[in-house]
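Following: one structure in structure tokens, then a few remarks.
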Amino acid sequence: MTSEFVRNIHLATAQRLKEQGADLYGIVEHFENVFMPMDEVPELLGQLGYPQQDLKQFLKGGN
């Protein structure tokens, strides 16, 4: 489990990436690059405003 401090840092970075035009693939890639556990990624993406239904479809597709 990732600490709240570390999660917040990576969430803020992902938010900046999104604001700069990164797509969902780019944001997921960021989380992969910082070794964020994949079971925590859907929640983080939800906090960034991605609908859960879209995330399930995306993550099932095996990026």
Side-chain angles (χ1 to χ4, degrees):
M1 173 127 164
T2 308
S3 75
E4 196 66 25
F5 176 75
V6 171
R7 282 173 53 103
N8 287 338
I9 289 171
H10 294 308
L11 188 59
T13 301
Q15 180 64 43
R16 279 194 304 279
L17 289 170
K18 183 178 178 186
E19 290 168 359
Q20 294 171 355
D23 63 5
L24 186 54
Y25 289 99
I27 292 171
V28 169
E29 182 178 23
H30 163 69
F31 289 136
E32 289 174 342
N33 288 341
V34 297
F35 302 103
M36 183 65 64
M38 288 313 289
D39 62 335
E40 295 181 30
V41 170
E43 179 185 342
L44 293 169
L45 293 173
Q47 290 178 15
L48 290 170
Y50 291 101
Q52 289 299 311
Q53 190 60 25
D54 292 351
L55 295 178
K56 288 178 187 173
Q57 187 76 12
F58 174 78
L59 294 173
K60 255 187 172 177
N63 54 10

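Remember, it's a predicted structure, so these values are computed and weren't measured experimentally. Just the heavy atoms: all of them, side chains too, but no hydrogens, waters or symmetry mates, feed the values below.
In the hydrophobic clustering of ILVMFWY residues, with side-chain heavy atoms under 4.5 Å counting as a link, Phe35 and Leu44 come out apart. Under the 4.5 Å side-chain heavy-atom criterion for ILVMFWY residues, no single connected hydrophobic cluster contains both Ile9 and Leu17. Linking ILVMFWY side-chain heavy atoms closer than 4.5 Å, directly or via other members, places Val34 and Leu24 in a single hydrophobic cluster. Residues Met36 and Phe5 do not share a hydrophobic cluster, defined by chaining ILVMFWY side chains whose heavy atoms lie under 4.5 Å apart.
Here the straight-line distance linking atom NZ of Lys18 with atom NE2 of His30 works out to 14.0 Å at 0.5 Å rounding. The distance from the CZ atom of Arg16 to the CD atom of Glu19 is 8.5 Å, given to the nearest 0.5 Å.
The nearest pair of heavy atoms linking Ala14 to Leu48 is CB-CD1, 3.7 Å. Nearest heavy atoms, Glu32 versus Met38: CG-SD, 4.0 Å. Taking each heavy atom of Leu11 and Phe31 in turn, the nearest pair found is N-CE2, 4.5 Å.
His10 is not listed as a side-chain neighbour of Glu40, based on a closest heavy-atom distance of 4.5 Å or more.
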